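Everything on this sheet refers to the single structure shown next.
Position 1 is the first residue of the sequence, and the numbers go up from there. Worth knowing before you read on, the calculation uses all heavy atoms, side chains too, and leaves out hydrogens, waters and symmetry mates. The structure presented is a predicted model; accordingly, all values stated were derived computationally and were not measured. Counting starts at 1 for both ligands and their atoms, in listed order.
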Amino acid sequence: MKNFKNVFIFDHPLVKHKIAILRDKNTGMKQFRELIEEITTIMTYESMRDVELVPVEVETPLEKTVQYKVKEESIAIVPILRAGLGMVNGVHTVFPTACVGHIGMYRNEQTLEPQEYYCKLPDGIENKTVFLVDPMLATGGSAVDALNALKKRGCKNIKFMAIIGAPEGIEKVAIAHPDVKIYVSTLDRQLNAHGYILPGLGDAGDRLFGTK
Ligand code: PRP
Ligand code: URA
């Protein structure tokens, strides 16, 4: 895959360890859900290195000091339904008061084209740092459309986090949205003929929610 300035692939041993378990077809729903959350929390820490801090005055037991804090009210989380829901708690572990919008998308299984079926975003989202989250970045169609929807609402500062990405999908999103920072914890090999990521982990939504 080409190098893109707006793409960040994690290469953290702890994430590798968790992803090995996540991929295993014998990993059950509970553990799968917990791993998605844990990996998302690690990714959130890593992706916030450039977050804006505001000075605050703090009084320690010894003296007054100026310290720096994140403006928590300036963070929003937007999962792409369904599977993105599994990542919301992982971001909330870091930013418990972040508000949550939802964008519903499903892929047409024949054409692999995304169809939007729901969009509800919090008021004022255009002034927030938005974490768009979806564990799987396959052809990239869902992410590109979800980012278009956020930009239509005026969002300017968007980070997209996916747990597993295929080179085709990462490239498509990076080119369509060069201003969006794309964080992927693992770069996989390719898509199969049905648009599934290889080696991948199967259908993330089904594994999270116990459907088929
Ligand atoms: C999966 C996944 C992404 C999308 C990725 O959702 O969670 O949203 O596919 O594929 P793409 O990059 O080719 O667009 P799916 O459509 O299976 O819906 P679900 O989450 O409701 O299962
Ligand atoms: N969506 C998934 O859940 N898994 C894939 O491999 C591709 C798209």
Counting non-hydrogen protein atoms only, what is the nearest one to [atom]? Give residue, atom name and distance.
atom                    : answer
atom 21 (O) of ligand 1 : R82 NE, 3.0 Å
atom 18 (O) of ligand 1 : M105 O, 3.9 Å
atom 10 (O) of ligand 1 : R107 CD, 3.1 Å

Under 3.5 Å: donor-acceptor pair, side chain of N192, backbone of Y196 = yes
Is there at least one protein heavy-atom neighbour under 4.0 Å from atom 6 (O) of ligand 1?
-> no
Please check atom 3 (C) of ligand 1 for a protein heavy-atom neighbour under 4.0 Å.
-> yes
Relative to atom 13 (O) of ligand 1, which among T139, I80, L85, N108 owns the nearest non-hydrogen atom?
-> T139
Identity of the nearest option to atom 12 (O) of ligand 1, non-hydrogen atoms only, from G169, S142, G140 = G140
Between G202 and ligand 2, is there a nitrogen or oxygen pair with a distance under 3.5 Å?
-> yes
Taking only non-hydrogen atoms of R107 and a 4.0 Å limit, the atoms of ligand 2 in range are 7 (C), 8 (C)
Short list, please: which atoms of ligand 2 are under 4.0 Å from a heavy atom of G195?
-> 7 (C)
Heavy-atom side-chain proximity of F10 to I39 below 4.5 angstrom | no
Does one side chain, of R82 or T211, offer a donor that lies under 3.5 Å from an acceptor on the other?
-> yes
Do any nitrogen or oxygen atoms of D134 come within less than 3.5 Å of a nitrogen or oxygen of ligand 1?
-> yes
Hey, is K212 close enough to D203 for a salt bridge, meaning N to O under 4.0 Å?
-> no
